[in-house]
Novice: 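What follows is a structure written as structure tokens; I'll ask about it next.
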Amino acid sequence: MTNNAYTDRGAKDWYDLGPDWNSSYPFGWEPDADGFRGHIFVSTDNSTVVVSVKGTSAGWIVGGGGPTTRKDKLNDNILFSCCCARVGPTWTPVCDCYSGGGKLCDQNCIETSLTEESLFYPVGTNLYNNITYMYPDANIWLVGHSLGGSLASLVGVTFGAPVVAFESPGEKLAATRLHLPSPPSTQHITHVYHTADPFPMGTCNGVTSPCAIAGYAMESRCHLGKVHKYDTVTKLGWAVDIRAHGNGRTLHECVYRRVRAFSLQPEWQGGRGHGE
């Protein structure tokens, strides 16, 4: 389902989910749409609904390019940076919340910026409300990969819905700024990732990092809820590389094969990045 969020039904890379999930509804796939995107999957008996949110589309990482690239990048930079992606003098901030003194942000300003109607989080909360109206008796889950997983987590913790996020950047800083529920009330959130992926590990930062070179300020690290982490670097010899960010590699080589590099961790307590 997380892979299908990146593609349209009937495309060659669409995963057939079998007879138990014969209904799906796209959102954000209109011809002129350039923002929040994914699919809603409904079980045959309408008892379970799964909202799958697409992650970042960019030519230099898994997910490719496409019409959502610009808004994906905007949401990445406002959700996962210390202050509006104000990394250095050559960067153009995505909001005007810098208050001077290192990377300090005006708290009221950044909180307001995160809830602007043009950003993905408020779009996601509106979508969830509509789904609960359409399926009032269903169990609603949210899933996603990368940015999609972080957004699924933020919406899920807002409404108390279960979430599974794959290879997602740390969303705890954004959740704190949005005044969302905090531990221990976030145990319905589950993050799955491996140590060769610098995005969920919070290591794709610094002026020489591939993220910074491409204009992405990925400065957060802490996750909500539980973490299922595969130590593929130490135990399997994988190299840390942004090309390891693909959801398929996590599913097929870690989850499905049940590699002996698994560790279950509680939510991150130390964290990295301003405010964490």
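Keep in mind that this is a model prediction, so the values were computed, not measured.
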Novice: I'd like to know whether the aromatic ring centres of Tyr6 and His145 sit less than 6.0 Å apart in this structure.
Specialist: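 So the answer is yes for these two rings.
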Novice: Regarding Asp76 and Thr56, do their side chains bring together a donor and an acceptor under 3.5 Å, going by distance alone?
Specialist: yes
Novice: Would you name the heavy atoms of Ser24 and Phe41 that are closest together and state the gap between them?
Specialist: CB-CD2, 3.6 Å
Novice: Does the gap between the ring centers of Phe36 and Phe27 come in under 6.0 Å?
Specialist: yes
Novice: Please check: side-chain N/O of Trp91 versus main-chain N/O of Ala85, any donor-acceptor pairing under 3.5 Å?
Specialist: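 Answer holds: no.
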Novice: Verify whether the ring centers belonging to His245 and Phe199 lie closer than 6.0 Å.
Specialist: yes
Novice: Hey, does the side chain of Lys172 reach the backbone of Gly225 with a donor-acceptor pair shorter than 3.5 angstrom?
Specialist: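 Judged by distance alone, no pair lies under 3.5 Å.
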Novice: For Thr158, which residues count as a side chain to side chain donor-acceptor pair (under 3.5 Å) partner, sequence neighbours excluded?
Specialist: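 Thr158 satisfies side chain to side chain donor-acceptor pair (under 3.5 Å) with Tyr121 once adjacent residues are dropped.
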Novice: Under a 3.5 Å distance rule, please check whether Ser220 uses its side chain to pair with a backbone N or O of Gly170 as donor and acceptor.
Specialist: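 Judged by distance alone, yes, a pair lies under 3.5 Å.
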Novice: Compare every heavy atom of Ile242 with every heavy atom of Pro210, then report the nearest pair and how far apart it is.
Specialist: CB-CD1, 4.0 Å
Novice: Quick one: does Arg221's side chain have a donor or acceptor within less than 3.5 Å of a partner on Met201's backbone?
Specialist: yes
Novice: Just jot down the side chain to side chain donor-acceptor pair (under 3.5 Å) partners of Asp241, sequence neighbours excluded, or say none.
Specialist: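 Scan of Asp241 (side chain to side chain donor-acceptor pair (under 3.5 Å), adjacent residues dropped) gives Arg243.
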Novice: Test your reading of the model: is there a side-chain donor-acceptor pair from Asp231 to the backbone of Thr234, 3.5 Å cut-off?
Specialist: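 A pair under 3.5 Å: yes.
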Novice: Below 6.0 angstrom between ring centroids: does that apply to His39 and Trp14?
Specialist: yes
Novice: Could you point out which residue of Trp141, Phe159, Tyr133 forms a ring pair (Phe, Tyr, Trp, His ring centres under 6.0 Å) with Tyr128?
Specialist: Phe159
Novice: Tell me, please, which residues at least two apart from Thr68 pass side-chain contact (heavy atoms from CB on, under 4.5 Å).
Specialist: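 With neighbours one apart ignored, the set is Arg37, Lys54, Ser57, Asp72.
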Novice: Can you name the residues that form a side chain to side chain donor-acceptor pair (under 3.5 Å) with Lys71, not counting sequence neighbours?
Specialist: Asp34
Novice: Cys84-Cys97 sulfur separation below 2.5 Å?
Specialist: no
Novice: Any chance you could pull the hydrophobic cluster mates of Val240, using side-chain heavy atoms under 4.5 angstrom and chaining through other members?
Specialist: Val233
Novice: I want to know whether Phe166 and His191 have ring centres closer than 6.0 Å.
Specialist: no
Novice: Is it true that Cys95 and Cys109 have SG atoms closer together than 2.5 Å?
Specialist: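 Looking at Cys95 and Cys109, their sulfur gamma atoms do not lie closer than 2.5 Å, so the answer is no.
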Novice: Output all residues satisfying side chain to side chain donor-acceptor pair (under 3.5 Å) with Thr125, sequence neighbours left out; order by chain, then residue number.
Specialist: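 If we apply the side chain to side chain donor-acceptor pair (under 3.5 Å) test to Thr125, skipping adjacent residues, there are no hits.
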Novice: Which atom names give the shortest non-hydrogen contact between Leu119 and Ser113, and what distance separates them?
Specialist: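 That would be CD1-O, 2.8 Å.
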